[in-house]
Amino acid sequence: MTEFVTVATFNFAHEILVLKSILDNEGIPYLFQNENLISIDPLATFAYGGILLKVHPNDIPQVKEILDHLDNNLKIV
């Protein structure tokens, strides 16, 4: 896990639910740092810098493509 790098930051736990499912389906290893802490105390996101998505450097292009696709197509009402 020391090789993993941060590619995105999220403020709250509900923002990563769809992304986790997609990464699992694609077979991309990932780590969401601070996920449990912020799930328990949402205001801790400001103290800890949010939930950090970490992936292996080899997977960065594929993950960035997934993030761009979600950003352009996922509309939350």
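Worth knowing before you read on, the calculation uses all heavy atoms, side chains too, and leaves out hydrogens, waters and symmetry mates.
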Hydrophobic clusters here meaning ILVMFWY residues chained together by side-chain heavy-atom distances under 4.5 Å, can you tell me if Ile51 and Ile22 are in one?
yes
What heavy-atom pair brings Asp59 and Pro29 nearest, and what distance separates the two atoms?
OD2-CD, 3.6 Å
Whether the side chain of Glu15 engages the backbone of Phe12 through a donor-acceptor N/O pair (distance < 3.5 Å, no angle test) should be reported.
yes
CD on Glu26 to CD on Glu65, rounded to 0.5 Å
9.0 Å
What distance separates Thr9 OG1 from Phe32 CZ, expressed to the nearest 0.5 Å?
10.5 Å
Roughly how far, to the nearest 0.5 Å, is the CD atom of Gln33 from the CD1 atom of Ile38?
9.5 Å
Working to the nearest 0.5 Å, report the span between CG of Leu53 and CD1 of Ile16.
8.5 Å
Output the distance between atom CG (Asn34) and atom CZ (Phe10), rounded to the nearest 0.5 Å.
13.0 Å
Minimum heavy-atom distance between Ser39 and Pro42, given as atom pair plus value:
O-CD, 4.4 Å
Stepwise side chain to side chain contact (heavy atoms under 4.5 Å, CB included) check, Ser21 with Asn25
CA-CA 6 Å; Ser21 177; Asn25 287 337; 3.8 Å; yes
Consider only side-chain heavy atoms of I, L, V, M, F, W and Y, link residues closer than 4.5 Å, and tell whether Val7 and Tyr48 are in one cluster.
no
Is Leu52 reachable from Leu37 through a run of hydrophobic residues whose side-chain heavy atoms are each under 4.5 Å from the next?
no
I need the Ile28 CD1 to Asn58 CG distance, nearest 0.5 Å.
11.5 Å
